[in-house]
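What follows is a short report on a single structure.
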There are 2 protein chains.
Amino acid sequence: MVKMNDVAERANVSKATVSRVLRNPETVKKATRDKVLAIIEQLNYQPNILARHFRRSETNTILVVVPNIMNTVFSHILGGIEHAAGENGYRVLLANTNQQVEKEYEYLDHLKQRQVDGMILLSARMDKGIIAEVMKQYPVVLTADYLEGIAIPTVSIDNVSSARTATEHLIKLGHSRVAHITGPLHLQVSQDRLKGYRQALLQNNLDVDNILIQEGDFSHESGYNQMTKMLALEHPPTAVFSANDEMATGVIKAAKDYGLSAPEDLAVVGFDNIKLSAIYDPGITTIAQPMFEMGKKAAELLLHQITGVEMTKRQYVLESELIIRDSCGAKLLNDD
Amino acid sequence: MVKMNDVAERANVSKATVSRVLRNPETVKKATRDKVLAIIEQLNYQPNILARHFRRSETNTILVVVPNIMNTVFSHILGGIEHAAGENGYRVLLANTNQQVEKEYEYLDHLKQRQVDGMILLSARMDKGIIAEVMKQYPVVLTADYLEGIAIPTVSIDNVSSARTATEHLIKLGHSRVAHITGPLHLQVSQDRLKGYRQALLQNNLDVDNILIQEGDFSHESGYNQMTKMLALEHPPTAVFSANDEMATGVIKAAKDYGLSAPEDLAVVGFDNIKLSAIYDPGITTIAQPMFEMGKKAAELLLHQITGVEMTKRQYVLESELIIRDSCGAKLLNDD
DNA sequence: TTGAAAGCGCTAACAT
DNA sequence: ATGTTAGCGCTTTCAA
């Protein structure tokens with residue numbers, strides 16, 4: 001393994017100069033620089049990055065803690081993170097938790113041991129006190145999740161108002177019995193979407209009927225099962241706001257198996273705007289969450305912390321958008 | 001930052017002993033060990049992993065080169081890799097290429113600079129000579145892709161025979177005009193699936209009609225467009241084998257927009273068995289590719305190389321399976 | 001079973 | 001603009 005000293009000797013300069021050529025080329029006279037570069041090329045010298053990391057105690061690596069990489073929403077956020085990190089010369093270390101809190105705690109060691117320069121959490125189920133403690137010492141950003149009462153830098157959408165928009169859309173379409181299938185209620189996002197749903201009903205003078213609020217787990221199957229249950233009600237809903245797109249497909253399938261069709265007999269709105277919602281037949285009306293952008297912004301925010309860039313803002317709320325497709329029936333009306 | 005020496009002093013032992021307690025506890029007398037561990041606890045000592053990596057010139061990190069993390073197939077393989085790596089104390093560094101070959105070359109530097117202990121490629125579009133060269137020097141495994149004429153450790157399925165199975169399934173169902181929408185033909189997997197399709201036709205004494213073979217790009221839209229084109233043919237196909245599931249949904253949609261329905265008027269078989277194929281309505285008959293398993297196996301194979309475990313086998317071909325759902329019409333027959 | 005000591009390859013402060 | 005030098009924190013060989 002050829003090392004910096006070998007290059008230095010061959011070029012008749014000191015190690016320091018070689019180091020400078022690599023890290024601060026402008027501080028070296030052009031002639032010297034060219035000579036050194038030529039030798040580097042000739043010897044096919046590769047700097048030992050581990051030595052550099054050690055010496056500088058920085059790694060140019062960020063840790064991304066994901067509940068589940070196989071989930072479309074997370075993989076797209078991850079895509080955005082990877083993109084922004086790469087653009088800025090940083091690498092991404094992956095940490096899958098499989099929703100286990102203990103794993104989140106484990107990965108904290110990476111920060112403490114300086115194996116990474118910072119961390120992005122896509123899920124924060126740890127104790128808030130601990131998170132607050134960690135935040136004080138290391139660069140951390142939260143995205144895709146949200147934590148109340150703690151000033152952690154966060155990139156998110158406004159889930160409450162987005163859910164309100166989705167629900168209102170159904171109300172404006174003339175529905176008064178609008179159901180909601182929630183995500184797992186231990187997640188803040190699920191709580192927020194539920195809150196927005198409630199707000200929309202109340203602001204439109206509609207009663208909140210708890211029988212029309214059922215908890216799902218974001219899976220197609222849970223959407224199917226909860227909808228099947230509600231269809232057997234004496235007064236079944238005529239519209240459903242599902243907390244994500246995958247459950248929305250379960251809702252539509254349940255209606256179909258019950259002899260109803262969406263949107264004619266049941267209007268459905270989903271959430272996330274994953275590819276599935278555009279591909280599914282009928283196309284699913286949904287709230288578009290800028291997943292890639294969220295990841296990108298989160299990474300940028302983290303890199304600012306790492307490099308010490310002044311941050312005026314620490315909480316970013318990105319825009320979400322109602323995408324009207326077929327499942328809500330709005331297009332049916334327009335066709336009249 | 002408390003360092004090893006601090007622990008040593010407090011425990012009245014040498015740095016060497018502390019190091020041993022951490023890395024080879026069995027070589028230290030129990031009493032000493034306990035004392036040291038107590039001090040470590042007490043001082044909340046965290047070893048500087050960067051120093052360790054540098055000193056040992058190993059990183060316990062593997063690099064995963066992915067064409068696109070946002071693609072379901074890749075994210076599931078990645079899930080398997082992450083799982084196996086984690087189980088064995090290794091970390092996963094993510095490298096997205098966005099299908100750019102130059103990026104693949106760039107990431108090679110991570111290996112050369114010893115920033116990672118090995119590399120898993122989910123796409124190998126680099127020059128074979130270079131790959132062969134790299135393989136000789138560093139642990140490398142290929143999965144999800146396949147390279148002819150080079151003995152690189154590989155984990156894959158048999159795309160040719162899987163595609164043959166898929167196509168034969170349609171032929172057995174009575175179809176003689178079976179179309180194929182391929183993936184991008186510069187990819188080996190697309191070529192292989194096309195080959196399997198051809199074999200099935202020939203083995204069943206059916207002509208290969210090139211007008212029924214159209215190249216897609218794995219997207220819903222390309223499936224839709226290519227199918228729309230074929231439906232306008234004088235003798236349109238009655239069945240389609242699509243090289244992936246997403247294009248299969250495009251095929252079904254195109255048929256629908258043409259006034260036909262699947263499977264009644266057009267039988268469709270996809271490939272991959274991503275979640276979408278189970279959720280879609282009609283459920284898509286497809287070839288199940290064990291994505292998670294592939295990732296897991298690939299990681300294990302790589303770790304064997306890294307740790308110097310004897311490898312009897314270097315090419316793993318995992319089992320794929322035909323999953324019969326609604327889109328092919330087989331269930332229609334059974335209902336008779 | 002433990003300690004002493006060298007040194008991994010680089011960077012950066014300081015000197016020239 | 002370039003060189004000298006110390007040292008980052010750990011692991012490991014050798015000696016005791």
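Values below: every heavy atom of this structure, side chains too, minus hydrogens, waters and symmetry copies. Chain naming here is simple, since letters A, B, ... match the order of the sequence lines and numbering starts at 1 in each.
More than 12 heavy atoms of other residues, nucleotides or ligands shown are found within 6.0 angstrom of CD on Gln137(B).
At the heavy-atom level, Asp6(B) lies nowhere under 4.0 Å from the strands shown.
Although no hydrogens or angles enter the test, the distance criterion places a donor-acceptor pair under 3.5 Å between the side chain of Asp117(B) and the main chain of Asn60(B). For the pair Lys3(B) (side chain) and Pro47(B) (backbone), a donor-acceptor distance under 3.5 Å is absent. A donor-acceptor contact shorter than 3.5 Å links the side chain of Ser190(A) to the backbone of Pro184(A).
Listed by residue number, Tyr45(B), Pro47(B), Asn48(B), Ala51(B), Arg52(B) are the residues of residues 44-52 of chain B with a heavy-atom contact under 4.0 Å to DNA chain D. Taken residue by residue, residues 26-43 of chain B places no heavy atom nearer than 4.0 Å to DNA chain D.
Between Lys30(A) and Asp34(A) there is a salt bridge, since at least one side-chain N of the basic residue sits less than 4.0 Å from a carboxylate O of the acidic one.
One interatomic measurement links the two molecules: CE of Met4(B) to C1' of dT12(D), which rounds to 12 Å at whole-angstrom precision. Gln113(B) has its CD atom 15 Å from the P atom of dG9(C), to the nearest Å. The interatomic distance linking Asn5(B) (CG) with dC10(D) (P) rounds to 9 Å, in whole Å. Put simply, NE2 on His53(A) is 10 Å from P on dT11(C), counting in whole angstrom units.
Residues His186(B) and Gln191(B) form no side-chain contact, since every pair of their non-hydrogen atoms from C-beta on lies 4.5 Å or further apart. You'll find the side chain of Phe74(A) reaches within 4.5 Å of the side chain of Pro67(A), heavy atoms only.
Ring-base stacking between Phe54(A) and dC10(C) is not satisfied when judged by a centre separation under 5.5 Å and a plane angle under 30°.
For dT2(D), neither phosphate oxygen OP1 nor OP2 lies less than 4.0 angstrom from any side-chain nitrogen or oxygen of Thr17(A). For the OP1/OP2 pair of dT4(D) and a distance below 4.0 Å, the side-chain nitrogens and oxygens of Ser14(A) include no atom meeting the criterion.
Between Phe54(A) and His53(B), the ring centre distance reaches or exceeds 6.0 Å.
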Anything under 3.5 Å between a protein N or O and an N or O of nucleotides 12-14 of chain C, put it in a table, one pair a line.
unit_1  : atom_1 : unit_2   : atom_2 : d
dA12(C) : OP1    : Arg56(A) : NH1    : 2.7

